[in-house]
J.: 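Below are the C-alpha cells for one structure; questions will follow.
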Amino acid sequence: PVVADLTGLQKKETQLKARLGLTNCLIVPGDSDVKQDVKRAMGKAANDLLQQHLPVGDSIVAVMGGTTMAAVAETLSSTLAEDRQLTFVPARGGMGESPDIQANTICARMAEATKGHFQALYLPELSSESTSTSLRHEPAIAKTLELIDHANVAIHCVGDAMAMARRRQMSDEVMATLVKRHAVGEAFGDFFDQDGQIVYRVPKLGLSISDLDRMDLVVAVAGGRSKAAAVEAYFKIPPAKTFLITDEGLADMILK
Ligand code: G3H
C-alpha cells in the first residue's frame, strides 16, 4: 500500500505541476488543516529540498513568518551547514502577529539550527507609505534591507487573504477593500484575487514578489485545503521558478 500511495502522490504532483505551471512540486500525504503533523512533514520536505538544492558556500536566505514557516524552522537540520554559511533575514518587516510566528523569531531559530547567522528587522506594522520611506534610511533598518536586497534564496508561505487580514488585525476599512476586490490570497504582504492580480499592498519594507525572479532558489511551503484558492491564484503571478511544497489536502482541492 505504501508503494501504491507514493505512486498516487507522484501522479498528483505531475497533475498539479501541469495545472499550476510549475517546474517542481512536492506533495506530502494528509491535510495540514486537519492534522498539525502535516505541517512538520512539509517542513521536513523543505529541509530535504534545501539539502539538495541550496548552493554550496555563502547564502542569504530571506524568510517569511507564519505557522508553516515555524514548522519549517523546527525541522531544519545542522547538516545543511556542512558546506555552507547561511545568513537568515526576515523578508519583510511588520506583521502584527504573535512573536512565535514572526519572521524575526523564525530567522533566529533557523540560524540556531544551522549554526548560521541572522539579522533581525524590527519594524511595527506600517500604516503609510511616508512612514516607510523615512524608516528606510534608519541605519539599523537600512543594514537589514541591504542584506534582503542581496538575498539569493527565499522561503515563504502563501496565506488565505481573509484569514491573514484577520490574524494581522487589519482595519475594517482594509477588510472592506479586500472583500470588495475579491482578494483570495496573500504573500509578502501583497493581496491578490483569483486571477493573480494584486488588489491591495500593505505598506512595507523588504521583499516583494517581483524580487523572487533574481533568486537562485525560491521555496513556497503552503498546504491545507483552505489555502487551495490562494495557492492556485498565487501561481498566476508571473514568473518565478518557485518550488512548491504542499500537502494532499490542498492538491486534491485544486485537482478535483
Ligand atoms: O503569508 C502567509 C502567511 O504567513 C501564512 O501563514 O503559515 O500560518 O498559514 P500560515
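Both ligands and their constituent atoms are indexed starting at 1 by order of listing.
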J.: Using a 4.5 Å cut-off on heavy atoms from C-beta on, say whether the side chain of D33 contacts that of K227.
T.: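 Contact flag for K227/D33 side chains = no.
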J.: Please list, in number order, the atoms of ligand 1 under 4.0 Å from a heavy atom of R168.
T.: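 Atoms satisfying the 4.0 Å criterion: 1 (O), 3 (C), 4 (O).
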J.: Should the proximity of H156 to ligand 1, defined as any heavy atom under 4.0 Å, be assigned to the side chain, the backbone, both, or neither?
T.: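 H156 to ligand 1: no contact under 4.0 Å from either part.
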J.: Please say whether E186 places an N or O atom under 3.5 Å from an N or O atom belonging to ligand 1.
T.: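 It does: an N or O of E186 is found under 3.5 Å from an N or O of ligand 1.
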J.: Looking only at distance, does K39 have an N or O less than 3.5 Å from an N or O of ligand 1?
T.: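 No, since none of the N or O atoms of K39 sits under 3.5 Å from an N or O of ligand 1.
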J.: Between V89 and L121, is there a side-chain heavy-atom distance shorter than 4.5 Å?
T.: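 Result no, sub-4.5 Å side-chain heavy-atom pair not found.
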J.: Tell me whether G65 has any N or O atom under 3.5 angstrom from an N or O of ligand 1.
T.: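 The answer is yes, given that G65 and ligand 1 share an N or O pair closer than 3.5 Å.
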J.: Which option out of R167, M69, M42 puts a heavy atom nearest to atom 6 (O) of ligand 1?
T.: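 That would be R167.
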J.: Per the ring-ring contact (aromatic ring centres under 6.0 Å, His included) rule, what does the pair list look like for residues 151-172, sequence neighbours excluded?
T.: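 Checked against ring-ring contact (aromatic ring centres under 6.0 Å, His included) - neighbours excluded - the pairs reaching residues 151-172 are H156-F188, H156-Y234.
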J.: Can you tell which part of M64 has a heavy atom less than 4.0 Å from ligand 1: side chain, backbone, both or neither?
T.: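 For M64, there is no contact with ligand 1 at all, from either part.
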J.: Does any non-hydrogen side-chain atom of T242 lie less than 4.5 Å from one of F235?
T.: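 Of all side-chain heavy-atom pairs linking T242 with F235, at least one is under 4.5 Å.
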J.: With heavy atoms of G159 as the reference, note each atom of ligand 1 found under 4.0 Å away.
T.: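 Result: 1 (O), 2 (C).
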J.: List for me each residue that meets salt bridge (Lys or Arg N to Asp or Glu O under 4.0 Å) alongside K12, sequence neighbours excluded, and say none if there are none.
T.: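 Checked K12 against salt bridge (Lys or Arg N to Asp or Glu O under 4.0 Å); matches are E248, D252.
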J.: Below 4.0 angstrom from a heavy atom of V158, which ligand 1 atoms are there? Numbered from 1 as shown, please.
T.: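 What qualifies from ligand 1 is 2 (C).
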J.: Do you see a donor-acceptor pair shorter than 3.5 Å between the side chains of T105 and D100?
T.: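 No - no donor-acceptor pair under 3.5 Å links their side chains.
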J.: Going by atom types alone, do Q119 and T87 pair a side-chain donor with an acceptor below 3.5 Å?
T.: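 Not at all, the side chains of Q119 and T87 share no donor-acceptor pair under 3.5 Å.
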J.: For ligand 1, which atoms, with element, lie under 4.0 Å from some heavy atom of G66?
T.: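 Under 4.0 Å from G66, ligand 1 has these atoms: 4 (O), 6 (O), 7 (O), 8 (O).
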